[in-house]
Student: 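Below is the structure I would like to discuss, written out as structure tokens.
Lettering follows sequence order; numbering is per chain, from 1. Treat the numbers as computed from the prediction; the structure is a model and nothing was measured.
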Amino acid sequence: MDELREQRIKKVGELSDRGIDPFGGRFLRSDEAQACHTGYREGKEVAVAGRLASIRGHGKTVFADLHDSSGKIQLYLRRDNLEGAGLEILDRLDLGDIVGVRGELFTTRKGEISVLVRELTLLSKALLPPPEKWHGLKDREIRYRRRYLDLVANREVAELFRLRSRIIREIRSFLDRRGFLEVETPMMQPIPGGAAARPFQTFYAALHAPMFLRIAPELYLKRLLVGGFEKVYELNRNFRNEGLSRSHNPEFTMLEIYEAYGDCRTMMELVESLVTEVADKACGNLTPASGEAVIDLNPPWKRIPYRDLVGEFLGREDWFSLSPEEMAAEAVGRGLEVSPEMTPMEITHEIYEKCVEPSLIQPTFVLDFPASLVPLARRKKDDPDSVDVFELVINGTEVAPGYSELNDPLEQRRRFQDQAAARPPDATDAGGEIDEDFLEAMESGMPPAGGAGIGIDRLVMILTGAASIRDVILFPQLRPKKEDPNPEASPANP
RNA sequence: GGGGGCGUAGCUCAGUUGGCAGAGCAACGGCCUUUUAAGCCGUGGGUCGAAGGUUCGAAUCCUUCCGCCCUCACCA
């Protein structure tokens, strides 16, 4: 099994013995592979470099496919046309090797533009064989653990991550044009706040102080509102010490946006414009596929209050006037588990999360959540039982929440105290300690503001049609592999 | 953490009722100067995820463990 590697190492030695460096240095390229096609001229002199994806020996000639990040160009190597060390290298060429070649462009009898190679330089000898060329790399574990092989073997995977990059660039561009300032706030926080989630804990030796990886940047971004940055955003990683699933990775990318003097409605307009513009510019269309379904991102998106939505879904306008027993019966009838101590609101929300939300494939802003469900948001003036928030749902998953932010420091202190008091004593999530430093900031005066967060990984899933969050994160979290007792025996698994 | 599925050559996969470990690609040797999933002839390559058990005999059945996938739970 190590035979393949041994053979290649032997070739490295043979080349070195002949004074040929198997791991060459700088190579000046005249063109990328794609440009050889678009800028084709018979006899044009080119220098290209890339990885060998196919080698087809043909008597005293060899055809090879060279891949670089732009695409593919075929090489035609004739023994009688190679200069210098070319022959020695050619005799020891393997799939996966990275080479640089110089030569002139021509078109083969079958009509394929190719480089008639004159100079062949070995830039990096691959010691391990690449995955199979026709079926690609399918094993999910290898694809996630050794993503570089996935990227080399499966072109559509590389394309997806390029698209992810374009999406993020367009998001920044959109916010920049709207006058938002990108900021960076601490990822290591003494008190993790801004969300209810179990944090990762670490220890800062120099200060002898426990620290937490942030679960949200919210409380720092609000400090910046106090400081006079009126339109700010942060697009970076959050960390939550919770389970893995198709839509959860412990570190995930979040966009949080705050706009002073705005509110929930301001943010709804912003999020709708942002997503549609990004989809249009990065993906070129507003109708990404999702399995069987097609998502239509064309605005305006549906906006519906929580209570109306639940009533509409269940087909009964009188839902909220039902008795707890009738509500529980409805939930059980839908295959949900309810316990006697659940409040009507809790039963309703169970139905919302398990039945209503997954049914919302097309983009929907769910508005006016019951206050008891969202303790940190501002209540609506004309309906104190509801809070002024929205939750954007697309393809059955929450993509973006938005708030009319609370800016009353006294009310905020009460909410924190209530939150801390409501925690079970054995709770491991954040929220046990009141962030006095943040409250002090608020007491200096925080402007009213709208805030929104967009889960970037989930947004990318929607725009690319990916079924799992692992398919849109380059190196998703996996269980660490046990150390190999004999590393030398298995170099592929360090 | 619970339930279900999967793990066979570097990669993609077969493997029947428990009865000699297989194919294609890749590799190695040979032929071939416009091929392209090149072709033809030949060769090598296996801790069947790991350990234990049942059996005359285990890739196959049982137990435990490891890893991956799905699902539930947790999850503003």
Student: Which listed nucleotide (B:U34, B:U33, B:C25) is nearest to the side chain of A:Phe63?
Tutor: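 Nearest nucleotide to the side chain: B:U34.
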
Student: Searching all strands shown, indicate the nucleotide that pairs with B:U55 (Watson-Crick or G-U wobble; both distances under 3.5 Å).
Tutor: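 Check on B:U55: unpaired, no WC or wobble geometry under 3.5 Å.
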
Student: For B:U36, does OP1 or OP2 lie under 4.0 Å from any side-chain N or O of A:Lys110?
Tutor: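 Indeed, a polar side-chain atom of A:Lys110 lies that close.
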
Student: Consider the side chain of A:Glu242, meaning its heavy atoms from C-beta on, and name the nucleotide among B:U36, B:C75, B:A26 that approaches it most closely.
Tutor: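 Selected nucleotide (nearest to the side chain): B:C75.
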
Student: Compare side-chain N and O positions of A:Arg479 against OP1 and OP2 of B:C68 and report whether any pair is under 4.0 Å apart.
Tutor: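 The answer is yes; a side-chain N or O of A:Arg479 sits under 4.0 Å from OP1 or OP2.
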
Student: Measuring to OP1 and OP2 of B:C69, would you say a side-chain N or O of A:Arg246 lies under 4.0 angstrom away?
Tutor: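 Answer is no, no contact under 4.0 Å.
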
Student: Checking contacts here: which listed nucleotide (B:U33, B:A27, B:C68) is nearest the side-chain heavy atoms of A:Asp80?
Tutor: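 It is B:U33.
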
Student: Do the side-chain N or O atoms of A:Lys138 get closer than 4.0 angstrom to the phosphate oxygens (OP1, OP2) of B:C68?
Tutor: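 Indeed not, no polar side-chain atom of A:Lys138 lies that close.
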
Student: Determine which nucleotide pairs with B:G39, using a 3.5 Å limit on both distances of a Watson-Crick or G-U wobble pair.
Tutor: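 Paired with B:G39, as far as the under-3.5 Å criterion goes, is B:C31.
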
Student: By nearest nucleotide on RNA chain B, pick out whichever of A:Arg78 and A:Lys72 is the more 5' one.
Tutor: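 Counting from the 5' end, the first nearest nucleotide belongs to A:Arg78.
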
Student: Taking any strand in view, what nucleotide pairs with B:A23 in a Watson-Crick or G-U wobble way, both distances under 3.5 Å?
Tutor: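 Result: B:U12.
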
Student: When both hydrogen-bonding distances must be under 3.5 Å and the geometry is Watson-Crick or G-U wobble, what is B:C6 paired with, if anything?
Tutor: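 Its partner is B:G67.
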
Student: Side chain of A:Leu478, heavy atoms from C-beta onward: which of B:C68, B:A37, B:C11 has the nearest atom to it?
Tutor: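 Comparing B:C68, B:A37, B:C11 against the side chain of A:Leu478, the answer is B:C68.
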
Student: Go through B:C69, B:G67, B:G10 for me and flag the one nearest to the A:Arg470 side chain.
Tutor: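 Of B:C69, B:G67, B:G10, B:C69 is nearest to the side chain of A:Arg470.
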
Student: Please list, chain by chain and in numerical order, all residues satisfying side-chain hydrogen bond (donor to acceptor under 3.5 Å, both in side chains) with A:Thr107, sequence neighbours excluded.
Tutor: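 With neighbours one apart ignored, the set is A:Tyr40.
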
Student: Return yes if the base of B:U35 and the side-chain atoms of A:Arg56 contain a donor-acceptor N/O pair under 3.5 Å, otherwise no.
Tutor: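 Result: at least one qualifying N/O pair found.
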
Student: OP1 or OP2 of B:C11 less than 4.0 angstrom from a side-chain nitrogen or oxygen of A:Lys133, does that happen here?
Tutor: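 Answer no for this pair, as no side-chain N or O of A:Lys133 is under 4.0 Å from OP1 or OP2.
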
Student: Please tell me if A:Lys11 has a side-chain N or O lying less than 4.0 Å from either OP1 or OP2 of B:C28.
Tutor: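 For A:Lys11, the contact criterion (side-chain N or O under 4.0 Å from OP1 or OP2 of B:C28) is met.
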
Student: Between B:C75 and A:His248, counting only base atoms on the nucleotide and side-chain atoms on the residue, is there a donor-acceptor pair under 3.5 Å?
Tutor: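 Answer is yes: a donor-acceptor pair is held.
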
